[in-house]
Amino acid sequence: MLTALLTGKERLWHACVWLVNRLGVSMVYAGCLVTAGAVEAAYVIYNLLFKEMLRWLDQRLIPFASLTLCLVSAIYMPWYTVHIYRAHGSPNIWHNPTQLMVRPFALIAFWMTVRIYRRLRKGEGWPKRAFESKGEIVAYAFVLMLTVWAKPCFAQAFIPGLAILMIVDLVRSRGKAFPFCFRVACAYIPAVALMLMNFVSNFGSDSGNGIEIAFLDVWTHSTSNIPLSVLLLFAFPLFVFIVDWRRLLSSVEGQLSLSNLAVAVVMKATLAETGSRRYHGNLTWSYGLAAVFIWFLAMRSFLELMFGNRLTGRKYTVVAVVGWTLLALHLFTGVLYYIKTKIASAS
C-alpha cells in the first residue's frame with residue numbers, strides 16, 4: 001500500500017478522495033469536494049501572497065485579483081481555436097483535478113523558494129546560510145515532496161529552472177555562492193528521490209512506456225500555429241512584462257518564473273511519450289503550471305501599475321485600456337471554458 005502511494009501516478013488527489021469517501025461521502029461527491037478544495041486553497045494562497053506583497057493596496061481589490069487568477073485562460077478565437085484549452089494550455093485546467101491539486105502546493109513551494117533565495121541577493125557578499133532554522137528546512141522539503149506526490153510536473157521544470165539561477169550566481173560569485181546553493185539543493189533530495197521512484201514505476205522497462213525526443217511533434221499535433229497559441233495564453237502577461245520588464249527581470253520571482261517557463265517550453269517542444277499515450281500531452285503539464293507563476297506576477301505588476309501611482313498621463317491611459325481589455329478577454333474565455341467543462345461532464 002505504501003509503495004503504491006509513493007510510486008503511483010498523482011496519488012495525493014486519489015488519497016484525499018479516498019479519505020473523504022471513508023467519511024461517508026459518495027465517491028463522486030468526494031472527488032468534487034477535494035477538487036473544489038484545491039481550487040479554494042489556490043484562491044486563499046493568492047490572497048495571502050497579494051496581501052504580503054501589496055500591503056498598500058485597497059484590500060477590496062485582492063479577492064477580485066485572486067478570483068480572476070483562478071478563472072483566466074487562453075483567449076478564445078472561434079475561427080482558429082477548435083478546443084478552448086487543448087491548443088494553447090491554461091493556468092486553470094478544469095478537466096484535470098490532479099493538475100488543480102498540485103497548484104496550491106506549487107504556489108507555496110514557489111514562494112518559499114523566492115523568500116529563501118532572496119537571502120542570497122540581499123546585502124553585501126555571498127551568505128552561506130540558506131535556512132533560518134531546521135524547521136524551515138523540514139517544511140520546505142515536505143512541501144516539495146507534496147508537489148511531487150500530487151503531480152511530478154511542477155518539480156520536473158522547477159528544479160532545472162532553479163538550477164539555472166544557481167549556476168548563474170555561482171559564476172557571478174566565482175564559487176562563493178556554493179555553500180548557499182548546496183544547502184538549498186539538499187532540501188530537494190527527498191522530492192527528487194520520490195520523483196525518480198515515480199519515473200521508474202511509470203516509465204521503467206517493465207512498464208511498456210517510454211520517453212523520446214520528438215521536436216515539436218506533440219505540440220504541433222494540437223495546434224497549427226505555435227507562436228499564436230503561446231500569444232493567446234500569455235497575451236496579458238506579455239503586455240505587462242513589456243511595460244514593466246525592468247522590475248520583473250531584476251526580481252528573484254521574475255527570474256525564477258521565467259527560467260521555470262523556459263524549461264517547461266523546452267520540455268513541451270522536445271519530449272514525447274512512446275506508445276498510445278503519445279498525444280495525450282502528459283509531458284506538457286509543467287507548461288500549464290509555469291503559466292500559473294507568470295500570470296501571478298503579471299497580475300501583481302498590473303495592480304501596481306494601475307493603483308500604485310507608477311504611471312501617469314497618456315502612458316497610464318494606454319496601459320489601462322490595453323491591459324483591462326486583454327484581462328477581460330482572458331477572463332471571459334476562462335469562464336466559458338469552465339462552463340463548457342461542466343456541461344461536458346454532466347452530459
Side-chain angles (χ1 to χ4, degrees), residues 69-100 102-103 151-154 156-158 160-161 209-242 257-296 298 322 325-345:
L69 288 177
C70 288
L71 290 172
V72 291
S73 189
I75 295 174
Y76 181 46
M77 296 172 57
W79 59 91
Y80 167 72
T81 308
V82 178
H83 305 284
I84 292 179
Y85 150 78
R86 188 181 176 192
H88 321 302
S90 174
N92 297 290
I93 312 295
W94 292 113
H95 66 277
N96 192 294
T98 56
Q99 181 80 348
L100 296 173
V102 71
R103 181 172 55 177
K151 205 177 184 76
C153 58
F154 169 73
Q156 288 169 356
F158 188 76
N209 301 317
I211 299 175
E212 66 179 9
I213 296 177
F215 187 66
L216 297 181
D217 180 58
V218 177
W219 206 339
T220 54
H221 182 76
S222 58
T223 178
S224 59
N225 191 324
I226 291 176
L228 179 58
S229 293
V230 173
L231 178 61
L232 292 177
L233 174 58
F234 292 111
F236 171 78
L238 180 60
F239 173 72
V240 176
F241 272 55
I242 291 173
S257 63
L258 289 173
S259 62
N260 178 54
L261 177 63
V263 174
V265 168
V266 171
M267 290 177 56
K268 185 178 176 70
T270 61
L271 300 181
E273 285 187 89
T274 58
S276 60
R277 301 189 307 185
R278 185 178 189 85
Y279 297 114
H280 289 188
N282 292 322
L283 297 174
T284 67
W285 294 115
S286 299
Y287 182 69
L289 272 178
V292 170
F293 309 127
I294 294 294
W295 264 93
F296 170 72
V322 177
T325 300
L326 290 174
L327 187 59
L329 291 173
H330 282 289
L331 181 58
F332 170 78
T333 303
V335 173
L336 183 62
Y337 173 28
Y338 175 80
I339 293 173
K340 284 182 173 290
T341 302
K342 290 302 178 183
I343 293 175
S345 63

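- If you take CD1 on Ile226 and CG on Leu231, they are separated by 13.5 Å, rounding to the nearest 0.5 Å.
- Using a distance-only test at 3.5 Å, with no hydrogens or angles considered, a donor-acceptor pair links the side chain of Gln99 to the main chain of Trp285.
- In this structure, Lys151 NZ and Ile93 CD1 are separated by 9.5 Å, a value rounded to the nearest 0.5 Å.
- If you take CH2 on Trp219 and CG on Leu271, they are separated by 12.0 Å, rounding to the nearest 0.5 Å.
- Shortest non-hydrogen contact noted between Ala235 and Ile75 is CB-CD1, 3.9 Å.
- Residues Ile339 and Val335 meet the side-chain proximity criterion, which asks for heavy atoms closer than 4.5 Å.
- Taking CG of Leu336 as the start and CG of Leu71 as the end, the distance is 12.0 Å to the nearest 0.5 Å.
- Ring-plane geometry between Trp94 and Tyr338 is classed as perpendicular, the angle between the planes exceeding 60 degrees on a 0 to 90 degree scale with a lower cut at 30.
- The backbone N or O of Phe293 lies less than 3.5 Å from no partner atom in the side chain of Ser257, so there is not a single donor-acceptor pair.
- The two residues Ser259 and Gly161 come nearest to each other via the heavy atoms OG-O, 3.1 Å.
- Judged as a side-chain hydrogen bond (donor to acceptor under 3.5 Å, both in side chains), and not counting sequence neighbours, Asn225 has no contacts.
- Judged as a side-chain hydrogen bond (donor to acceptor under 3.5 Å, both in side chains), and not counting sequence neighbours, the contacts of Ser90 are Ser73.
- Judged as a side-chain hydrogen bond (donor to acceptor under 3.5 Å, both in side chains), and not counting sequence neighbours, the contacts of Asn92 are Arg103.
- With sequence neighbours excluded, the residues satisfying side-chain hydrogen bond (donor to acceptor under 3.5 Å, both in side chains) with Tyr337 are His95.
- Side-chain contact check for Pro91 versus Val72: some heavy-atom pair is nearer than 4.5 Å.
- Contact annotation: the side chain of Leu283 approaches that of Glu273 to within less than 4.5 Å [non-hydrogen atoms, C-beta and beyond].
- Thr223 and Ser229 make their closest contact through OG1-OG, 2.7 Å (heavy atoms, listed as atom of the first residue, atom of the second, distance).
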_Determine whether Leu329 and Thr333 satisfy the following criterion, side chain to side chain contact (heavy atoms under 4.5 Å, CB included), listing intermediate values before the conclusion._
CA-CA 6 Å; Leu329 291 173; Thr333 303; 5.5 Å; no
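- Closest heavy-atom contact between Val240 and Ala298: CG1-O, 3.6 Å.
- Counting only residues at least two apart or on different chains, the salt bridge (charged side-chain N to carboxylate O under 4.0 Å, His left out) pairs with a member in residues 214-228 are Asp217-Arg278.
- Listed by chain and residue number, His88, Leu232, Leu233 satisfy the side chain to side chain contact (heavy atoms under 4.5 Å, CB included) test with Ala74 (two or more places apart in sequence, or in another chain).
- Atom CG of Leu258 sits about 9.5 Å away from atom CG of Asn260, to the nearest 0.5 Å.
- Contact annotation: the side chain of Phe234 approaches that of Leu261 to within less than 4.5 Å [non-hydrogen atoms, C-beta and beyond].
- We find the CZ-CD1 distance between Phe236 and Ile294 to be 12.5 Å, quoted to the nearest 0.5 Å.
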